[in-house]
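Below: the structure, in structure tokens.
Atoms within a ligand are numbered from 1 in the order they appear, just like the ligands themselves.
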Amino acid sequence: MSNKILTDIEYEELYRDHVSFVDKEGKRVWIHPKKPKGRFYKYRTWVSWFLLAVFFSMPFIYVDGHPFMMFNVFERTFIIFGQVFFPQDFIIFGLTMLAFFVFVILFTVIYGRIWCGWVCPQTVFMEMVFRKIEYWIEGDRNQQLKLEKQPWNKEKILKKVAKHGIFMLIALLIGHTFMAYLIGLKETIKIVTQPPTEHWAGFLGVVGFSGLFYFVFSYIREQACILICPYGRLQGVLVDNDTMTVAYDYKRGEPRGKLKKGKQNGAQGDCVDCTLCVQVCPTGIDIRNGTQMECVGCTACIDACDAVMEKVGKPKGLIRYASIRSIEEGVPFHLTKRAWAYSAVLLVLLGIIGALVFGRSTTETIVLRTPGQLAQLHEDGTVSNLFNASIVNKSFDTLRVQLEVVEPRGRVELVGEKSTTMVLKPAEKREMVFFVYLDKNSIKGRKTSLKFKVRDADSGETLETVKASFFSNY
Ligand code: SF4
Ligand code: SF4
């Protein structure tokens, strides 16, 4: 079905009852959007090149022999901006995920689908990589439609083979890069350079990811945003009348009418019904029907309409970033008090995440008094309590650590160990049992608050400060 049917009145009126890529018979409608051109497309291209450069270069960056970014779900080791996170960091991870979801929801309520249109990997790869290759090989919308209709002759076979060949190569590149994020570049290079029999899991992983990316960008395409993406599906409950969306100013545009010899045919609105906004839409919708779940906020229709407005001598912005309320009330879009408040919350959340990520300690220590053990009074005038502790080394280095009681001053004696220094390998967790001796005079009442310092035995640096309670009847 061609896009002409999309502008058919009868079909158009049913736009909320069907998705744009399915025709009346339930068959897939291949969307061949017209190549966008304009201000926003230019900015989006710059943003995309930056994001693609970051995506493809990040696995090559190593700091002190370790990846700068790695999300090794298999070994449950995550490195974010050079900071390593082990399963013991699940609290930070959980809080970060929670903050992230709140962030996404609040962000969407205010700014709509800015994420989808500008930085979502699906949009960036689809519109800025795969689609551009398609335009390069098969031409713009009209040539693509012509190619689809023509029989399988030499030209069509050559173009399709060339296009899908390049698509596969790029999918392989993305698949390998994706794998490098999961297991690191060095391991990925081993998968590439050594026989598959030595790395079956890795080899199948790379093939699987590459195949998936090829399938998504050559076949699934806009359906990923409309049907599969949970964020896309949530739009209906996230946006409201004050949300900034790509919107058609129906007050200014309607009643629409075609231009006849440079003049509109009896219509008073600014929309000349050229349907260019529909033709450029990668999800095949008509934004003039109002905000729709399928709209990924790609801004292509803004650029298309601005070019038309310029040609017909009318002000740009018939389709623009605006809230429904600003269009209904005919006032410029502005952020409401609620939006400012949400933005402030977002900033606070970002601050919390930043503090959690960058303020975390190298070790994680939990100290608890051993239950059921009584305090003991010694001849030298000290009182002791028995404690249990666990220390996790959350760094890539082997650490030599010491536990000290600094408030009030006291002495630590490990049970069954001659030295008070423990050696912890990277990611190692050690359990220990130890006595804390305090001078009887420094004990204030039945319960005394203890402050421990976990020190690096080599540098003397304080890695962490932990608290516990000391009980005494003396
Ligand atoms: S591009 Fe602008 S003028 Fe043309 S149909 Fe769309 S809204 Fe109307
Ligand atoms: S309606 Fe406009 S902004 Fe929305 S997806 Fe289509 S072209 Fe992009």
Side-chain angles (χ1 to χ4, degrees), residues 3-4 6-9 12 15-16 19-21 29 31-41 43-45 48 111-120 122-124 126-128 131 141 221-227 229 231-232 235-236 239 243-260 262-265 267-324 327:
N3 268 340
K4 183 178 178 299
L6 286 173
T7 59
D8 176 87
I9 292 168
E12 202 172 286
Y15 74 94
R16 292 214 189 269
V19 278
S20 47
F21 54 83
V29 178
I31 295 169
H32 297 279
K34 192 173 164 56
K35 193 175 176 184
K37 245 191 290 176
R39 186 167 54 117
F40 283 106
Y41 189 63
Y43 298 151
R44 280 175 58 225
T45 304
S48 303
Y111 301 106
R113 295 185 82 167
I114 286 243
W115 160 269
C116 304
W118 290 77
V119 290
C120 174
Q122 168 71 23
T123 310
V124 169
M126 186 66 244
E127 300 308 323
M128 295 297 166
R131 192 86 73 191
R141 173 183 158 79
R221 304 192 144 203
E222 72 285 345
Q223 296 186 37
C225 308
I226 299 172
L227 296 183
C229 175
Y231 178 61
Q235 292 304 310
V239 299
T243 303
M244 186 180 88
T245 56
V246 173
Y248 167 68
D249 187 343
Y250 65 91
K251 291 225 162 171
R252 198 186 122 187
E254 301 296 321
R256 65 189 77 163
K258 290 212 182 289
L259 274 182
K260 248 190 183 176
K263 284 186 181 166
Q264 272 177 292
N265 193 14
Q268 293 104 45
D270 281 356
C271 174
V272 295
D273 205 12
C274 64
T275 73
L276 278 174
C277 52
V278 183
Q279 292 177 40
V280 291
C281 181
T283 60
I285 59 168
D286 186 343
I287 193 64
R288 295 172 300 168
N289 288 329
T291 305
Q292 292 150 73
M293 198 192 68
E294 293 96 321
C295 173
V296 293
C298 75
T299 69
C301 54
I302 300 184
D303 280 335
C305 191
D306 277 353
V308 177
M309 290 298 109
E310 209 169 17
K311 256 187 222 155
V312 299
K314 301 224 164 114
K316 290 178 184 177
L318 180 57
I319 301 175
R320 61 179 182 272
Y321 275 122
S323 67
I324 296 188
I327 286 177

To the nearest 0.5 Å, tell me how far Glu222 CD sits from Ile31 CD1.
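If we round to the nearest 0.5 Å, Glu222:CD and Ile31:CD1 are 4.0 Å apart.
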Reported SG-to-CD1 distance for the pair Cys295 and Ile285, which is rounded to 0.5 angstrom:
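Separation between the atoms: 5.0 Å.
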At less than 4.0 angstrom from any non-hydrogen atom of [X], what atoms of ligand 1 do you find?
X      : answer
Arg288 : 5 (S), 7 (S)
Met309 : 3 (S)
Cys277 : 1 (S), 5 (S), 6 (Fe), 7 (S)

May I ask you to say whether Lys251 pairs ionically with Asp249, meaning some side-chain N is under 4.0 Å from a carboxylate O?
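The answer is no: the pair does not qualify as a salt bridge.
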Check this for me: does any side-chain nitrogen of one of Asp306 and Arg39 sit under 4.0 Å from a carboxylate oxygen of the other?
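Yes, charged N to carboxylate O under 4.0 Å.
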Just checking, is any N or O donor in the side chain of Glu127 or Thr123 under 3.5 Å from an acceptor N or O on the other one?
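Thr123 and Glu127 do not have a side-chain donor-acceptor pair below 3.5 Å.
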Does a side chain donor of either Tyr248 or Glu254 reach within less than 3.5 Å of an acceptor in the other side chain?
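Glu254 and Tyr248 do have a side-chain donor-acceptor pair below 3.5 Å.
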Tell me, which protein residue and heavy-atom name are nearest [atom], and how many Å apart are they?
atom                    : result
atom 3 (S) of ligand 1  : Val272 N, 3.4 Å
atom 4 (Fe) of ligand 1 : Cys274 SG, 2.3 Å
atom 2 (Fe) of ligand 1 : Cys305 SG, 2.4 Å

Under 4.0 Å, heavy atoms only, figure out whether ligand 1 is touched by the backbone of Thr275, its side chain, both or neither.
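Looking at Thr275 and ligand 1, just backbone atoms fall under 4.0 Å.
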Does Asp273 approach ligand 1 within less than 4.0 angstrom via side chain, backbone, both or neither, non-hydrogen atoms only?
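For Asp273, the contact with ligand 1 is made by the backbone alone.
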Determine whether the aromatic ring centres of Tyr111 and Tyr321 lie less than 6.0 Å apart.
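Between Tyr321 and Tyr111, which both carry aromatic rings, the centre distance is not below 6.0 Å.
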Tell me which one of Lys34, Glu294, His32, Arg131 satisfies side chain to side chain contact (heavy atoms under 4.5 Å, CB included) with Pro282.
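When Lys34, Glu294, His32, Arg131 are each tested with Pro282, the side chain to side chain contact (heavy atoms under 4.5 Å, CB included) holds only for Arg131.
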Taking 2.8 Å as the limit, list every protein N, O or S atom around atom 8 (Fe) of ligand 2, by chain and residue number.
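Counting only protein N, O or S atoms under 2.8 Å from atom 8 (Fe) of ligand 2, the list reads Cys298 SG.
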Between Cys271 and Leu318, is any pair of side-chain heavy atoms under 4.5 Å apart?
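Cys271 reaches Leu318 side chain to side chain.
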Contact check, side chains of Met309 and Pro315, non-hydrogen atoms, under 4.5 Å
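The answer is no, as the side chains (C-beta and beyond) never meet within the 4.5 Å cut-off.
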Report yes or no: does Cys271 have an N/O/S atom closer than 2.8 Å to atom 6 (Fe) of ligand 1?
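Short answer: no, not a single N, O or S atom is under the cut-off.
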